[in-house]
Amino acid sequence: MTELEIGGNTYRINSMPAMTQFHVMRKLGPVLPGIVPVLAQAAAALPQADGQEDGGAMTTVDGVAAIAMAARPLLDGLAAMADADAEYVINHCLSAVMRRDPGGKSWNAVSRDGVTMFDDIDLMTSMQIVWAVLRENYTGFFRAASTALAPAQ
């Protein structure tokens with residue numbers, strides 16, 4: 001379970017049930033190969049940890065263009081997804097998240113039955129939450145899979 005802050009709100013990312021994880025991964029299968037180059041390109045474009053303010057390719061037109069080109073396979077895969085599949089992924093990811101109330105005393109579901117419970121959760125916030133849920137639910141799987149599939153030495 002991970003907590004993160006977005007827009008002044010604290011969210012708790014929970015695990016999805018194993019069968020839901022399976023179905024979400026199955027629906028994302030066609031876009032998975034496009035995710036790695038985008039992440040690598042975006043990471044290279046971010047400012048360095050030493051406090052560099054204008055760092056990376058994100059500050060240049062060429063850098064943004066390079067990220068856009070790296071993102072093309074991912075964006076093509078997302079565009080090809082059926083609406084129902086995309087909504088399935090988003091809805092199940094959002095349903096795995098709780099948001100702390102402003103007083104910090106309780107947690108409330110972000111989504112119920114495909115309906116977002118908070119009016120201030122916009123597209124960018126939703127996508128950040130979805131990405132956090134995917135990281136929380138699949139990082140261990142991919143780490144274990146890469147170890148299991150690595151050639152023996």
Side-chain angles (χ1 to χ4, degrees), residues 1-48 55-101 107-151:
M1 178 172 16
T2 301
E3 288 184 16
L4 70 144
E5 187 172 320
I6 302 172
N9 293 299
T10 302
Y11 296 91
R12 185 174 64 202
I13 310 302
N14 299 305
S15 293
M16 292 184 285
M19 195 55 67
T20 301
Q21 289 177 342
F22 170 77
H23 288 300
V24 166
M25 183 181 297
R26 184 173 62 92
K27 292 181 184 301
L28 285 174
V31 300
L32 289 177
I35 291 173
V36 173
V38 174
L39 293 178
Q41 190 73 32
L46 293 174
Q48 302 300 312
M58 289 299 289
T59 60
T60 68
V61 172
D62 289 341
V64 173
I67 291 171
M69 290 303 292
R72 185 168 183 171
L74 172 61
L75 297 174
D76 289 344
L78 289 172
M81 279 182 84
D83 289 351
D85 290 345
E87 290 171 16
Y88 181 93
V89 170
I90 292 167
N91 288 335
H92 280 83
C93 286
L94 292 177
S95 71
V97 179
M98 304 292 282
R99 179 164 132 172
R100 184 179 291 161
D101 74 356
W107 293 89
N108 301 294
V110 166
S111 176
R112 285 194 183 106
D113 300 321
V115 177
T116 304
M117 301 283 97
F118 299 94
D119 290 337
D120 63 337
I121 296 179
D122 59 10
L123 176 64
M124 183 56 89
T125 302
S126 294
M127 293 302 99
Q128 289 176 309
I129 292 170
V130 167
W131 182 248
V133 171
L134 294 174
R135 270 195 330 259
E136 177 76 17
N137 282 269
Y138 297 106
T139 299
F141 172 81
F142 285 113
R143 188 174 297 127
S146 66
T147 301
L149 297 174

> What is the distance from atom CG of D122 to atom CE of M127, rounded to the nearest 0.5 Å?
Replying inline: 10.0 Å
> Partners of D113 by salt bridge (charged side-chain N to carboxylate O under 4.0 Å, His left out), sequence neighbours excluded?
Replying inline: none
> Which heavy atom in F22 sits nearest to a heavy atom in Y138, and how many Å separate them?
Replying inline: N-OH, 4.4 Å
>> Please give me the minimum heavy-atom distance between A96 and V133, naming the atom from each residue.
In response: CB-CG1, 4.3 Å
>> If the condition is side-chain hydrogen bond (donor to acceptor under 3.5 Å, both in side chains), which residues does R12 pass it with, not counting sequence neighbours?
In response: none
>> Among L94, N9, I6, T116, exactly one meets side-chain contact (heavy atoms from CB on, under 4.5 Å) together with I121. Which residue is that?
In response: T116
>> If the condition is salt bridge (charged side-chain N to carboxylate O under 4.0 Å, His left out), which residues does E87 pass it with, not counting sequence neighbours?
In response: none
> Checking N137 side chain against M16 main chain: does a donor-acceptor pair fall under 3.5 Å?
Replying inline: yes
> Given R99 and D120, is the salt bridge (Lys or Arg N to Asp or Glu O under 4.0 Å) satisfied, shown in steps?
Replying inline: CA-CA 12 Å; R99 179 164 132 172; D120 63 337; 2.9 Å; yes
> Counting only N and O atoms by type, is there a donor-acceptor contact under 3.5 Å from the side chain of E136 to the main-chain atoms of S15?
Replying inline: no
>> As a quick check of understanding, evaluate side chain to side chain contact (heavy atoms under 4.5 Å, CB included) for Y11 and M98, giving each step before the final call.
In response: CA-CA 6 Å; Y11 296 91; M98 304 292 282; over 6 Å; no
> Do E3 and T10 have side-chain atoms, one donor and one acceptor, less than 3.5 Å apart?
Replying inline: no
> Would you say R112 has more than 12 foreign heavy atoms packed within less than 6.0 Å of its CZ?
Replying inline: no
>> Restricting to non-hydrogen atoms, name the atom on V31 and the atom on L78 that form the minimum distance, rounded to 0.1 Å.
In response: CG1-N, 3.4 Å
>> How long is the straight-line distance from CG of L4 back to CD1 of I13, given to the nearest 0.5 Å?
In response: 5.0 Å
> Checking Y88 side chain against H23 main chain: does a donor-acceptor pair fall under 3.5 Å?
Replying inline: no
> Between I129 and C93, is any pair of side-chain heavy atoms under 4.5 Å apart?
Replying inline: no
> Where is the tightest heavy-atom contact between S95 and H92, given as atom of each residue plus distance?
Replying inline: OG-O, 2.9 Å
>> Run L28 and D85 through side chain to side chain contact (heavy atoms under 4.5 Å, CB included) and show every step you take.
In response: CA-CA 8 Å; L28 285 174; D85 290 345; over 6 Å; no
> Does the pair T125 and F118 meet the rule for a side chain to side chain contact (heavy atoms under 4.5 Å, CB included), with working shown?
Replying inline: CA-CA 11 Å; T125 302; F118 299 94; over 6 Å; no
